[in-house]
Amino acid sequence: MQYLLKITIDNTSVWRLISLDGKADRAFAGNLIVKAFDFVDGNCAFTFDGKTFSGGRSGSALSTEDLNSFDEFNFKEGDTFNFTVSSNEKLTLTCVVMKAEERLFCLIPSCLVGSASLPFKEDLTVEAINKYFDSEDLVSLDLREVTARLRALGTCRKDINQSMVEAGAVPLNFKVE
């Protein structure tokens with residue numbers, strides 16, 4: 001599946017509409033969300049149906065479960081989940097699945113639309129973000145810049161075997177006789 005997600009920082013006017021491929025693993029998808037907001041890297045987590053699932057750190061899997069595909073959440077259009085990143089632990093993001101289709105007719109991954117850029121990367125709080133939004137210093141969101149950050153990662157992880165080993169899986173060694 002391919003997904004169109006509207007991601008909002010709770011209690012603020014900050015949001016992004018991003019597209020991602022469900023074949024991406026959870027750590028990779030978490031990294032795409034982090035890059036969409038230009039957050040500092042940290043441990044990511046998805047919360048859905050009352051359960052929290054690790055989303056890796058900086059795109060790297062902390063366990064082999066982080067390499068499960070985003071599709072394994074079985075999200076449907078209208079589903080909602082929360083996302084957090086430890087670098088901004090005071091913020092929670094609410095993600096709404098706007099579309100879940102076999103093929104979206106947009107480039108993946110990309111940021112299609114959203115609100116203004118954030119004032120800084122570290123120590124973000126709802127209060128600081130809202131104060132920034134009320135100021136004259138507000139900077140428009142550059143969709144090309146956000147999409148470039150997402151595309152630099154690609155649609156899916158390219159090094160799945162190495163990532164499995166780094167996450168603790170035992171490497172397979174075949175001997176052909």
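Just so it is clear, the values below take in all heavy atoms, side chains as well, and ignore hydrogens, waters and symmetry mates.
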(message) Run the salt bridge (charged side-chain N to carboxylate O under 4.0 Å, His left out) test on D137 and K131 for me, step by step, so that the C-alpha distance in whole Å, both residues' side-chain angles and the decisive distance to 0.1 Å come before the verdict.
(response) CA-CA 10 Å; D137 298 330; K131 182 178 178 182; over 6 Å; no
(request) Give a yes or no on whether the ring-centroid distance for F70 and F28 is below 6.0 angstrom. (result) no
(request) Taking side chain to side chain contact (heavy atoms under 4.5 Å, CB included) as the test, write out the residues that go with A128, two or more places apart. (result) F120, T125
Excluding sequence neighbours, so at least two apart, what forms side-chain hydrogen bond (donor to acceptor under 3.5 Å, both in side chains) with [X]?
X    : answer
D71  : Y3
T12  : none
S110 : S19

[X] versus [Y], closest heavy-atom pair with distance:
X    : Y    : answer
A45  : T52  : CB-CG2, 3.8 Å
N11  : V126 : O-CG1, 3.4 Å
L150 : L32  : CD2-O, 3.2 Å

(request) Measure from the side-chain N and O atoms of R16 to the backbone N and O of A36, and report whether any donor-acceptor pair falls under 3.5 Å. (result) yes
(request) Could you tell me whether a side-chain N or O of T155 sits under 3.5 Å from a main-chain N or O of D21, the two making a donor and an acceptor? (result) no
(request) Return the set of residues passing ring pair (Phe, Tyr, Trp, His ring centres under 6.0 Å) with F81 (not counting sequence neighbours), or none when no residue passes. (result) F46, F75
(message) Less than 4.0 angstrom from a charged side-chain N to a carboxylate O is my criterion; do K35 and D41 meet it?
(response) yes
(request) Only pairs at least two apart or in different chains count here, so list each side chain to side chain donor-acceptor pair (under 3.5 Å) that has a residue in residues 94-103. (result) D10-T94, N82-T94
